**Student:** 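One structure follows; several queries about it will come next.
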Amino acid sequence: MKKHFIFLALLLFLQTSCDRVFMISGHITDDYGRPLENAEIRTSENVTIYSDSLGYFELNLFGPGSKSDKLETLVSKEGYKTTYFDLSNEKDIHNLSLKIKASEEKLVVTYSESLVRWFYCINLTVINLLALLTICFVLYKKVEYKWIWLLLILTLNITLQINYINGHWSVDIGGLPFYIKYYAFYPFTIKIVCPIAITLFWMNYFIQKKRRKY
């Protein structure tokens, strides 16, 4: 039992130890390179700051720590087109140059922002509880191929990511089944989690249980 407890503790530690403190900074300008004062910069964890009189901004964040995680920013200012920036592939996030165009058009999103919060709540409660229940069940019950199932549960997970601003989507394969706070760093992304191994495990369990009755 002690070994099982240590296993779960290490699992949760791995899930939360990938975050780091980092800083982003940059310059907001228009099409002509003129600095924009008081432009609103909304980024990870829904933190919002504003550019200074020279268009510069600086922000310390506590967020995703791997290169596969997204760093997203939404820049807006009255009289200009609200613009989304995916900064994930930027080599230098300390000297960003973000340009927005003069426009009276309002931002028209592909999906409702409320879907982001809705799926976040599902992942935080339903998926977390299901994953925890399944792992505890596999550890403490007599389950055939116990360690194979545990390995699959910890690795065989698919997450569909949909950007609610521009509708772009991608698929992430793999990763731990726990979603403690990661989704707070994706205010512009709907995450639909599909725990494949967990689903397969319970299907197999109930099928085998039904067969044993007969």
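From a predicted model like this one, the values you see are computed outputs, not experimental measurements. Along the sequence shown, the residues carry numbers beginning at 1.
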**Student:** So how far is it from Ile41 CD1 to Thr48 OG1, rounded to the nearest 0.5 Å?
**Tutor:**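 Between atom CD1 of Ile41 and atom OG1 of Thr48 there are 9.0 Å.
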**Student:** For Tyr164, check ring-ring contact (aromatic ring centres under 6.0 Å, His included) against everything at least two apart and list the hits.
**Tutor:** none
**Student:** Just verifying a value: how many Å separate Thr83 OG1 and Ile100 CD1, rounded to the nearest 0.5 Å?
**Tutor:** 5.5 Å
**Student:** Under 4.5 Å between side-chain heavy atoms, hopping through other hydrophobics if needed: is there a path connecting Ile196 to Val126?
**Tutor:** yes
**Student:** Specify the closest pair of heavy atoms between Leu152 and Ala197, including all atoms of both residues, with the distance to one decimal.
**Tutor:**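 Closest approach of Leu152 to Ala197, heavy atoms only: O-CB, 3.2 Å.
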**Student:** Is there a chain of hydrophobic side chains (I, L, V, M, F, W, Y, each step under 4.5 Å between heavy atoms) that links Trp118 to Leu129?
**Tutor:** no
**Student:** Given the rule that I, L, V, M, F, W and Y join up when any side-chain heavy atoms are under 4.5 Å apart, are Tyr56 and Tyr50 in one cluster?
**Tutor:**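 Looking at the clustering, Tyr50 is in a separate group from Tyr56.
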**Student:** Quick one: CZ on Arg34 to CG on Leu54, what's the gap to the nearest 0.5 Å?
**Tutor:** 15.0 Å
**Student:** Give a yes or no on whether Tyr140 and Phe206 share a hydrophobic cluster (residues Ile, Leu, Val, Met, Phe, Trp, Tyr; joining criterion: side-chain heavy atoms under 4.5 Å apart).
**Tutor:** yes
**Student:** Between the side chain of Thr134 and the main-chain N/O of Ile198, is any donor-acceptor distance below 3.5 Å?
**Tutor:** no
**Student:** With a 3.5 Å cut-off and no angle check, do the side chains of Thr189 and Glu72 form a donor-acceptor pair?
**Tutor:**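 There is such a pair (donor and acceptor under 3.5 Å, judged by atom type) between the side chains of Thr189 and Glu72.
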**Student:** With side chain to side chain contact (heavy atoms under 4.5 Å, CB included) as the test, pick out the partner of Ile190 among Tyr120, Trp169, Phe119.
**Tutor:** Phe119
**Student:** Does the Ser25 side chain pair with the main chain of Glu58, one donor and one acceptor, at a distance under 3.5 Å?
**Tutor:**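 No.
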**Student:** Test side chain to side chain donor-acceptor pair (under 3.5 Å) on Asn163 and Tyr84; report intermediate values, then the result.
**Tutor:** CA-CA 10 Å; Asn163 186 296; Tyr84 165 83; 2.9 Å; yes
**Student:** Anything under 30° is parallel, anything over 60° is perpendicular, the rest tilted; go ahead and classify Trp202 against Tyr205.
**Tutor:**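 Perpendicular, since the angle between the ring planes exceeds 60°.
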**Student:** Taking the side chain as every heavy atom from C-beta outward, state whether Asn204 and Trp149 have any pair of such atoms under 4.5 Å apart.
**Tutor:** yes
**Student:** Assess the residue pair Leu96 and Leu87 against the criterion (side-chain contact (heavy atoms from CB on, under 4.5 Å)); give the C-alpha distance rounded to whole Å, side-chain angles, the decisive distance to 0.1 Å, and a yes or no.
**Tutor:** CA-CA 9 Å; Leu96 298 167; Leu87 307 176; 3.6 Å; yes
**Student:** For the residue pair Thr29 and Leu36, establish whether any side-chain heavy-atom pair is separated by less than 4.5 Å.
**Tutor:**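 No; the side chains remain at least 4.5 Å from each other.
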**Student:** Using side-chain contact (heavy atoms from CB on, under 4.5 Å), reason through Ile135 and Leu150 one step at a time and then give a plain yes or no.
**Tutor:** CA-CA 7 Å; Ile135 290 175; Leu150 281 174; 4.2 Å; yes
**Student:** Does Phe188 reach the side chain of Asn166, with side-chain heavy atoms less than 4.5 Å apart?
**Tutor:**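 No, side chains not in contact.
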**Student:** Any sub-3.5 Å donor-acceptor pair from Lys146's side-chain atoms to Leu139's backbone N or O?
**Tutor:** yes
**Student:** Does CZ in Phe137 sit with more than 12 non-hydrogen atoms of other residues, nucleotides or ligands closer than 6.0 Å?
**Tutor:** yes
**Student:** Of the non-hydrogen atoms in Lys191 and Gln161, which two are nearest, and what is the gap between them?
**Tutor:** CE-OE1, 3.1 Å
**Student:** Before giving the answer on side-chain contact (heavy atoms from CB on, under 4.5 Å), spell out for Phe57 and Leu98 the whole-Å C-alpha distance, their side-chain angles and the decisive distance to 0.1 Å.
**Tutor:** CA-CA 11 Å; Phe57 67 92; Leu98 307 180; 4.1 Å; yes
**Student:** Would you kindly confirm whether Leu156 and Ile173 end up in one hydrophobic cluster when ILVMFWY residues are joined by side chain heavy atoms under 4.5 Å apart?
**Tutor:**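 Yes.
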**Student:** What's the spacing between Ile162 CD1 and His168 NE2 if we round to 0.5 Å?
**Tutor:**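 Here the interatomic distance stands at 12.5 Å.
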**Student:** Measure the OG1-CG distance between Thr159 and Asn123 for me, rounded to the nearest 0.5 Å.
**Tutor:**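 Reported to 0.5 Å precision, the distance equals 7.5 Å.
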**Student:** Nearest 0.5 Å, please: how far is OH in Tyr80 from CD in Glu105?
**Tutor:**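 If we round to the nearest 0.5 Å, Glu105:CD and Tyr80:OH are 15.0 Å apart.
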**Student:** Taking all non-hydrogen atoms of both residues into account, name the closest pair between Pro35 and His27 and its distance.
**Tutor:** CB-NE2, 3.7 Å
**Student:** Could you go step by step and tell me if Thr82 and Val75 meet the side-chain contact (heavy atoms from CB on, under 4.5 Å) rule?
**Tutor:** CA-CA 6 Å; Thr82 299; Val75 180; over 6 Å; no
